[in-house]
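Contents: one structure, followed by commentary.
What you see is a predicted model; the values in this text were computed from it and never measured. Here is the naming used below: chain letters follow the sequence lines, and residue numbers restart at 1 for every chain.
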Amino acid sequence: MKKLPLSFYQRNNVLEIAKDLLGKLLVTKFDDITTSARIVEVEAYAGVNDKASHAVGGRRTERNEIMYAKGGFTYVYLCYGIHHLFNVVTNKKEIPHAILIRAVEPTEGISIMQDRTRKKVLDNTLTRGPGNVSKALGIFTYHSGLDLVRSDIRIVDDGFQYKKKEIAVTTRIGVDYAGPDALLPYRFIVRDNPYVSGKRR
DNA sequence: CGACCGATCGTCT
DNA sequence: GACGATCGGTCGA
């Protein structure tokens, strides 16, 4: 159980970092309650030139300001007025790269997750899709701007690693508004993992 | 299984 | 005033 160091997040290739996040454990510990889950689906958002990114064209607002911080912080924002989407900020200060965690496979605290999501039946939708990930792990927009190395949201390496063959790359979900950038191969998924959202391919 | 649709509100124009 | 980096329920095939 090794916490990922700042250097992991501060590399300049957001696609590489996104791929490397697959298999790592996302852990939250709030009010002495720990839940953890293995990351199985991520999407990279590649800064000012990426039309799907909140930072497209250098757009800088109160909401996305944390994207311009150095790598290793959380960026959580509200989507559709309902869902709290969890992102990891990467690269150096002033380079607004981020990675959206879209799906995880529960490893610890499953009953807690079931309580948080208020799901009646326990199935693969528990932590499938970015909205459910945050809900299950207890992450809200007020957790935006936390330091992943020092805070109660952390990402750790327990030695597990997916094989190269198990990882697939696809286009991102729900970013049709980005025009041609919607076709970029920036989504990384674990093949055949039941928690992965959207279409397989 | 796929298509459709309503929920719900902070953020940006 | 419009619109989401979504989800879950419903309806029909």
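Look at A:His54 and you'll find a side-chain N or O under 4.0 angstrom from OP1 or OP2 of C:dA5.
Rounded to whole Å, atom C1' of C:dC7 lies 14 Å from atom CG of A:Leu126. Distance CG (A:Leu85) to C1' (C:dG4): 10 Å, rounded to an integer number of Å. Going from atom CZ of A:Arg172 over to atom P of C:dA5 covers 11 Å, rounded to whole Å. In this structure, A:Glu43 atom CD and C:dA5 atom P are separated by 11 Å, rounded to whole Å. Distance A:Arg128 CZ to C:dG8 P: 10 Å, rounded to the nearest Å. For the pair A:His84 NE2 and C:dG4 C1', the computed distance is 14 Å after rounding to whole Å.
A 4.5 Å side-chain heavy-atom check between A:His83 and A:Leu78 finds every atom pair outside the cut-off. Side-chain contact between A:Ile17 and A:Ile99 is present, with heavy atoms from C-beta onward closer than 4.5 Å.
With hydrogens and angles ignored, the 3.5 Å screen pairs no side-chain donor or acceptor of A:Gln10 with any backbone N or O of A:Lys92.
No path of Ile, Leu, Val, Met, Phe, Trp and Tyr side chains, each step under 4.5 Å between heavy atoms, connects A:Met67 with A:Ile95, placing them in separate hydrophobic clusters. A:Ile153 is connected to A:Leu21 through a chain of hydrophobic side-chain contacts under 4.5 Å among Ile, Leu, Val, Met, Phe, Trp and Tyr, so both are in one cluster.
Taking a 6.0 Å sphere around NZ of A:Lys51, one finds it holds 12 or fewer heavy atoms contributed by other residues, nucleotides or ligands.
Between A:Phe160 and A:Tyr162, the ring center distance clears the sub-6.0 Å criterion. Ring centers of A:His143 and A:Phe30: under 6.0 Å apart, within the cut-off. You'll find the ring centres of A:Tyr45 and A:His54 outside the 6.0 Å limit.
A heavy atom lying under 4.0 Å from DNA chain C marks the following residues of residues 86-119 of chain A, by number: A:Asn87, A:Leu100, A:Arg102, A:Lys119.
Aromatic stacking of A:Tyr177 on C:dG4: not satisfied for centres closer than 5.5 Å together with planes under 30 degrees.
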Heavy-atom protein contacts under 4.0 Å, nucleotides 8-13 of chain B, coded B base, S sugar-phosphate only, - none: BBSSSS
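Judged by Watson-Crick or G-U wobble contacts below 3.5 Å, the nucleotide C:dA5 has no partner.
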